[in-house]
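Worksheet: one structure, shown below.
A, B, ... follow the sequence lines: proteins, then strands. Residue 1 opens every chain.
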There are 2 protein chains.
Amino acid sequence: MPKKSQSMIKIDRIDRSILELLQDNGELTNQEVADKVGLSPSPCLRRVRALEKAGIIVKRVTLLDHKKLGLALTAIILIGMDRHTPERFATFEAKVAEYPEVQECYLITGQDADYMLKVVVPDMDQYHHFLLNHITRIQGVSGVHSSFVLRRVIDSSALPLRYLS
Amino acid sequence: MPKKSQSMIKIDRIDRSILELLQDNGELTNQEVADKVGLSPSPCLRRVRALEKAGIIVKRVTLLDHKKLGLALTAIILIGMDRHTPERFATFEAKVAEYPEVQECYLITGQDADYMLKVVVPDMDQYHHFLLNHITRIQGVSGVHSSFVLRRVIDSSALPLRYLS
DNA sequence: ATTTCTTTGGCATTATATGCCTCATAAAGT
DNA sequence: ACTTTATGAGGCATATAATGCCAAAGAAAT
């Protein structure tokens, strides 16, 4: 359950429909959304704005094609730290955030590693370079294990909204 | 390098700027984009349309807030298959694509597993349910290892465009 | 049943997108 | 060197969409 706060909103079926439509297609016009959810444009836009204000709608983005941009290699990197101090973590996270190649970086449990990264680069040469000159040089990084994506079966930014009340 | 085809496009500095702007903010109007890249609206829109037609711009989406929607648990699942036959893979991939909880599914190397999944659910109970009733019941799934995201350091859909010529 | 509060729908205004036409610039051929 | 051709830019007119305001309808509470 989300935390209660003044920005809390009750999300009814209509809001849920709006979110489902928009998270799948961000270029729908307000009129189209209104149509599909059975409202007139005016109240529909008000709901969208309210969802934005509440922070439920975070941002709109444009997704690009990896391969057509020459970014053919996606790597999953598991990284272990030598010492588990706040300073180590802070340094690592700040450094990693500087590299646009890093699409995801999670602190995780359940592995013999602390961080899991998803990195996108053109090819193996570039990956090798990135790993050796950037990742392994960050203070505290002690173990690195690389996996490579052979096939992208699912790659979505959509959240499952079925759990909403 | 991307494959050559009739849909190939030479991406110059202006195109790159457009892509960088749009992949970070999909709700920029054409006029705003034109302004920022130093073009008039007309040629700017033509470039955007060309990038869409070439498949470089794939789609626009809206990103939602996990926590505010009550989706507090993100799991990374490593899955091994009993036999590495095309049928096994096809079955698994088709099944997994049915579940909206699965945000990512990659066939990978370098692990003692075949697939890596990213799954989003409200809590541990729901995760347990999902794993036992859906994932482990798919034919061919032999080994499952779960990790959980403690902290989302970076979670972006933006690609690194610095490698473009 | 009446009052109050919330949400809706319609309308007018403003802003944006889109298609067409003209002009400039660069490359190719004579 | 000059002309020809093609590619892309800019500006304008029109169509489409967003936005704010106000009145009306519906739901909840007393």
N/O-N/O pairs, protein side and nucleotides 22-26 of chain C side, under 3.5 Å:
none

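- Each of D:dG10, C:dA17, C:dG10 was ranked by its minimum atom distance to the side chain of B:Q31; first place goes to C:dA17.
- In this structure, the side chain of A:K68 engages the main chain of B:A54 through a donor-acceptor pair within 3.5 Å.
- In this entry the distance linking CG of A:D35 with C1' of D:dT16 reads 14 Å, nearest Å.
- OP1 or OP2 of C:dT18 lies within a sub-4.0 Å distance of a side-chain N or O belonging to B:R49.
- The distance between the ring centers of A:Y99 and A:F130 falls below 6.0 angstrom.
- Not less than 6.0 angstrom separates the ring centroid of B:Y115 from the ring centroid of B:Y106.
- Judged by distance alone with a 3.5 Å cut-off, a donor-acceptor contact links the side chain of B:S42 to the base of D:dG11.
- Using a 4.0 Å cut-off between a side-chain N of Lys or Arg and a carboxylate O of Asp or Glu, B:E52 and B:R60 qualify as a salt bridge.
- For B:P43, the listed nucleotide lying nearest its side chain is D:dA9; candidates were D:dA9, C:dA17, D:dA18.
- Rounded to whole Å, the distance from CG on A:L39 to C1' on C:dG10 is 14 Å.
- Side chain of A:N30, nearest nucleotide from C:dG9, D:dA18, D:dG10: D:dA18.
- As a whole-Å value, the separation of A:R47 CZ from D:dA18 C1' is 18 Å.
- One interatomic measurement links the two molecules: CD of A:E32 to P of D:dT16, which rounds to 13 Å at whole-angstrom precision.
- With A:Y163 as the fixed residue, the side chain to side chain contact (heavy atoms under 4.5 Å, CB included) test singles out one of B:D123, B:L69, B:L71: B:L71.
- When rounded to the nearest whole Å, the span between CG of A:D12 and P of D:dA27 equals 13 Å.
- Distance A:L51 CG to C:dT7 P: 12 Å, rounded to the nearest Å.
- Counted within 6.0 Å of CZ on A:R13, heavy atoms from surrounding residues, nucleotides or ligands total 12 or fewer; the atom is thus considered open.
- Using modelled atom types, one side-chain atom of A:T109 and one backbone atom of B:F148 make a donor-acceptor pair closer than 3.5 Å.
- When distances run from any side-chain atom of A:T29 to the nucleotides C:dT8, D:dA18, D:dA9, the shortest one goes to D:dA18.
- You'll find that the side chain of B:L45 is closest to C:dA17, out of C:dT7, C:dA17, C:dT8.
- Under 4.0 angstrom from either OP1 or OP2 of C:dT7 there lies at least one side-chain N or O belonging to A:K10.
- Picking from D:dC21, C:dA17, D:dG10 the nucleotide with the shortest atom distance to the side chain of B:R46 gives D:dG10.
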